[in-house]
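When reading the values below, keep in mind they use all heavy atoms of this one structure, side chains included, and skip hydrogens, waters and symmetry mates. Lettering of chains follows the sequences in order, A, B, ..., and the numbering in each one begins at 1.
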Protein chains: 2
Amino acid sequence: MEDHLYMQIVRRLEQDILSGMYGPSDMLPSENTLAARFNVSRVTIRKSLDILKNNGLITAMHGKGYFIKPPQHNRYSFNFDSNTGVDFSHFQKVEIIYPDAETMAALNISADRRVVAFHRVQERAWTPVAYDEKFVPYERGMPTVEIEIKYAEFPELLSARHSPFLLKGSIEIDIAVPPDYVAKALDVPPDKPMLVMRRFLRNRDGVPYGFGRNFLTREFGPVTAESGYSLTHKF
Amino acid sequence: MEDHLYMQIVRRLEQDILSGMYGPSDMLPSENTLAARFNVSRVTIRKSLDILKNNGLITAMHGKGYFIKPPQHNRYSFNFDSNTGVDFSHFQKVEIIYPDAETMAALNISADRRVVAFHRVQERAWTPVAYDEKFVPYERGMPTVEIEIKYAEFPELLSARHSPFLLKGSIEIDIAVPPDYVAKALDVPPDKPMLVMRRFLRNRDGVPYGFGRNFLTREFGPVTAESGYSLTHKF
DNA sequence: AAGTGGTCTAGACCACTTC
DNA sequence: AAGTGGTCTAGACCACTTT
């Protein structure tokens, strides 16, 4: 338990709000009222209210007051670890190849430019549930493939060589027929569409740095995302 | 342009960090140093640093200092509006029906309990690209279907009747064969799997309040999500 | 001991809203 | 004019890390 004043107040107000003490779009007591009630300075109250604001419980209106805010259900977020829902990551191979059409487009490179490809099968309970492949443009003077293996993570591989904090990531969740080698490795029938997560890493100027595909079997299950408040503690 | 001191400082530090002035896991100058440099009080500097902290650019270590934080690419978020990527929402019908197996499970109700179902086809450029259906347990004393129509949004419908700030939302993105009436309405071949987003609304105790399915055609495109810093302004 | 971030205070002034 | 949130200050004390 945190024993800081502002945290106590945050938890207290959280409880009050979630318990329905205030109706939707009701007003909270003013900063000065709250400061007096909790016997703290206005600065401390403001710190508490700031946290509630950031967590989406309330919004402040200048000159009016603080209002209860219904949870927003239009922004969803989910974790992607390339390890979530996976017991074991069976490394397949690293190779330097000419990219397929999709990889070419994703990395914005021409057909004669080769890429380093990392392949692995992801298992759960000794059953393959996903296939993950990552592509990085191959550059002369790159460390040998053997050395790359220990950087086989993505984007960690890139972080080691480029300014990591310049990178922006995005994911596209789609449905696609996997390449034959993926279907074979996952032991699923070919020509059957699968859930696929395409990952893109770009720098701030939009220049692609890496591209990855993650094919998920039925056993893997759906991709799940959540919305609503973020609370400082559970009830 | 904001002319507040703390915002000027935030933008300035953002630029410095993103331009690569500090290496990864480098230290920022101390609060006192920054306060002196920008000629503001320590409180103001802390407010600026707090914002950078919340946006994921830095982390503070007690007794040590502030450190540049590489962007995290394991948490992704996306918008779901049931209107994004859609021009026009063609309302199909509202009906009170007995639920299918999936809806029964999602709403945790028995087979003899009826549900109110809302159907609509979502179009882009006069072409159907998605089918959206929502299910709510039917209760005696509910307003008539005609009245419900104006609440045909989801979860707004529920918000009006239940404590809205008690609701938690989640989405499952999956691949599924649509029901015949969906395939027909979207003019896609039956028995072909589609991208589907299942939406769940529960209260804080996990009790289901609403369930929805959103079938996306190939024309709709992938679901896209983003990771990385959240910046206070664009460069 | 010196430096760092973390908490908290009392008070000033401003901008906005309501009466 | 009174009340509200928003910005900013100077200063105190604490907890943690380094030297």
| said: Can you tell me if A:Y66 touches the phosphate of D:dG6, counting only side-chain N or O atoms and a distance under 4.0 Å to OP1 or OP2? | reply: yes
| query | How does each nucleotide of nucleotides 11-19 of chain D score, in 5' to 3' order, for protein heavy atoms under 4.0 Å: base (B), sugar-phosphate only (S), or none (-)? | reply | -B--BBSS-
| query | Could you state the NZ-C1' distance from B:K47 to C:dG6, rounded to the nearest angstrom? | reply | 17 Å
| field | Atom-pair distance (CD1 on A:I58; C1' on D:dT4), nearest Å | value | 14 Å
| query | Given C:dT9, D:dG5, D:dT7, which nucleotide is nearest the side-chain atoms of A:V40? | reply | C:dT9
| query | If we ignore angles and hydrogens, is there a donor and acceptor under 3.5 Å between the side chains of A:E31 and A:Y66? | reply | yes
| request: Round to the nearest Å and state the distance from B:E31 atom CD to C:dG3 atom C1'. | output: 11 Å
| Please give, in whole Å, the distance from C:dT7 P to A:F38 CZ? | 18 Å
| said: Under a 3.5 Å cutoff, is there a donor and acceptor pairing between the side chains of B:N214 and B:Q122? | reply: yes
| remark: From CE of B:M7 across to P of D:dT7 the rounded distance in Å is 9 Å
| message | Check the orientation of A:F80 and B:Y76. Use parallel for under 30°, tilted for 30 to 60°, and perpendicular for over 60°. | response | perpendicular
| note | To the nearest angstrom, the CE-C1' distance between A:M61 and D:dT4 comes to 12 Å
| remark: Residues at least two apart in sequence or cross-chain that pass side chain to side chain donor-acceptor pair (under 3.5 Å) with B:E219, listed by chain then number, are B:T217
| Is it the case that B:R124 places NZ or CZ above or below the six-membered ring of B:F220, under 6.0 angstrom from the centre and within 45 degrees of the axis? | yes
| task | Tell me whether the OP1 or OP2 atom of D:dG6 has a side-chain N or O from A:R46 closer than 4.0 Å. | result | yes
| message | Please report the distance, rounded to the nearest Å, between CG in B:L49 and P in C:dT7. | response | 14 Å
| request: Dot-bracket notation for DNA chain C is requested: 5' to 3', Watson-Crick or G-U wobble pairs only, both distances under 3.5 Å, with ( ), [ ], | and . as defined. | output: ||||||||||||||||||.
| field | Rounded distance in Å - CG (B:N39) to C1' (D:dT7) | value | 16 Å
| said: For a quick test of reading the model: is some side-chain N or O of B:T44 closer than 4.0 Å to OP1 or OP2 of D:dT9? | reply: yes
| request: If the plane angle is over 60° it's perpendicular, under 30° parallel, otherwise tilted; pick one for B:F135 and B:H119. | output: perpendicular
| query | Do A:R75 and B:S77 have a side chain donor and acceptor closer than 3.5 Å? | reply | yes
| message | Under a 3.5 Å cutoff, is there a donor and acceptor pairing between the side chains of A:Q72 and A:S227? | response | no
| task | Show the numbers, then the answer: is there a salt bridge (charged side-chain N to carboxylate O under 4.0 Å, His left out) between A:D174 and A:R213? | result | CA-CA 10 Å; A:D174 204 352; A:R213 278 188 300 231; over 6 Å; no
| Is any side-chain N or O of A:S30 closer than 4.0 Å to OP1 or OP2 of D:dT4? | yes
| Is any side-chain nitrogen or oxygen of B:Y6 closer than 4.0 Å to OP1 or OP2 of D:dT9? | no
